[in-house]
Structures are given as C-alpha cells and as structure tokens.
Amino acid sequence: SSDLAAGADWSQMAAAHLPPSTDGVTMSPRLGHAVVEFLGDIWVLGGYETGVENASEPWQMGSRRLLSHGNSPQYLLSDVWRFRQVATGVCSGQGLCLEQARVLTHAAWPGRHSHAAVVMGGRIWIAGGVTGSGRPARDVWSSYDGASWTIATALAAWSPRFSMSL
C-alpha cells in the first residue's frame with residue numbers, strides 16, 4: 001500500500017485499519033507466528049505472545065528480538081485468526097480495511113512459535129516449531145476450514161525443526 005511505502009508506523013496502521021473482531025477481542029501482539037492466504041483471506045496461526053513494545057517495532061538488521069519469557073508454555077499460542085478485506089466498515093475511507101475474526105482460541109495443535117505453514121490441496125498445513133517442551137517439534141497438522149484441525153503425523157520423517165519453510 002502507499003502508506004507502507006511512505007514509511008508509516010506498523011502499529012499506527014494496525015490501529016487505523018483493524019477494528020476489533022466480531023467478538024470484541026483484538027489479536028494479541030506476537031512473534032514467531034505463521035501467516036497464509038487461504039480461501040481469499042489472511043490467516044494468522046499461533047506464535048508467541050509478547051509485549052507490544054517488542055512486537056510492533058519493524059525488524060532491522062542487527063536487532064535482537066527475544067522471547068520475553070523464555071519458552072514458557074503459557075505464552076505459546078494455538079489461536080487462529082482470519083482477516084478478510086471489506087469494502088466498508090469502521091475503517092471506510094482509510095484505504096485497505098480488514099475485518100478480523102478469532103476463529104479459535106485453542107486449536108487442536110499445541111501452542112507453538114517459529115513453525116511453518118503452507119496452503120496445499122485445499123488445506124492449511126502447519127509443521128514443526130517450538131512447543132511447550134522448549135524443543136523443536138516434528139508434528140504436522142492440517143485443516144480444511146481453519147477451525148477443524150487433524151494431525152497428519154506426530155513424528156514426521158524429518159528431524160525436529162523450527163524457523164523453516166514448507
């Protein structure tokens with residue numbers, strides 16, 4: 001968007017363009033989440049809950065973003081959010097307007113950060129990442145609608161990993 005090209009602050013853009021979700025909840029600041037485009041919408045999957053001061057700064061070479069609380073399981077998210085572009089609404093006339101909806105507070109998969117996600121075969125797939133044990137995982141999950149999740153395998157043929165791509 002032209003706002004981004006002009007160097008607009010990401011947190012200001014989020015506040016201007018993301019009204020609260022239909023249930024009144026706003027997605028928490030996070031790191032290590034996965035994002036895919038699925039069914040014409042943007043989906044945000046899990047991550048690590050962190051303070052807004054840590055998550056809202058644009059990444060720069062040489063910067064260090066640390067997990068605020070180590071790998072504490074209570075900060076690992078298994079939530080699923082959907083962002084849909086709408087033509088009218090609270091942010092009408094401000095450019096791109098997205099409607100956010102919390103699809104799940106806790107998906108069937110364990111909370112995680114630094115996992116991979118991809119859309120393939122009409123499904124969202126997630127794999128690996130760091131779960132509550134603080135160690136890389138090797139499980140693979142999929143969903144046909146973003147709400148119902150099925151485990152494909154708990155022990156994929158590859159070694160446990162995080163911060164990878166599919």
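Index from 1, following the sequence. Heavy atoms only: backbone and side chains are in, while hydrogens, waters and symmetry mates are out.
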Which atom names give the shortest non-hydrogen contact between [X] and [Y], and what distance separates them?
X	Y	result
Ala137	Trp158	O-CZ3, 3.8 Å
Arg123	Tyr144	NH1-CB, 3.6 Å
Trp149	Ala107	CD1-CB, 3.9 Å
Pro160	Pro136	CB-O, 3.3 Å
Pro110	Thr131	CB-CG2, 4.5 Å
Ser148	Ser143	O-OG, 2.8 Å

Would a single hydrophobic cluster contain both [Y] and [X], if residues Ile, Leu, Val, Met, Phe, Trp and Tyr are joined by side-chain heavy-atom contacts under 4.5 Å?
X	Y	answer
Ile126	Val44	no
Trp141	Leu166	no
Phe83	Ile124	no
Leu45	Val118	no
Leu104	Trp43	yes

[Y] backbone acceptor or donor facing [X] side chain under 3.5 Å:
X	Y	value
Arg30	Ser28	yes
Thr105	Asp79	no
Arg161	Ser159	yes

| said: Which label fits His115 and Trp109: parallel for a plane angle under 30°, tilted from 30 to 60°, or perpendicular past 60°? | reply: tilted
| task | Fit a plane to each ring of Tyr48 and Tyr75, take the angle between them on a 0 to 90° scale, and name the class: parallel (under 30°), tilted (30 to 60°) or perpendicular (over 60°). | result | tilted
| message | Closer than 4.0 angstrom, basic N to acidic O: yes or no for Asp145 and Arg82? | response | no
If I take atom [atom1] from residue [X] and atom [atom2] from residue [Y], how far apart are they, to the nearest 0.5 angstrom?
X	Y	atom1	atom2	answer
Gln100	Asp41	CD	CG	12.5 Å
Arg112	Asp139	CZ	CG	4.0 Å
Leu77	His113	CG	NE2	10.5 Å

| request: Go through the steps for Trp81 and Thr26 under the test side-chain contact (heavy atoms from CB on, under 4.5 Å), then give the verdict. | output: CA-CA 10 Å; Trp81 290 81; Thr26 301; 5.8 Å; no
| task | Could you check if a side-chain atom of Val36 sits within less than 4.5 angstrom of a side-chain atom of Trp125, using non-hydrogen atoms only? | result | no
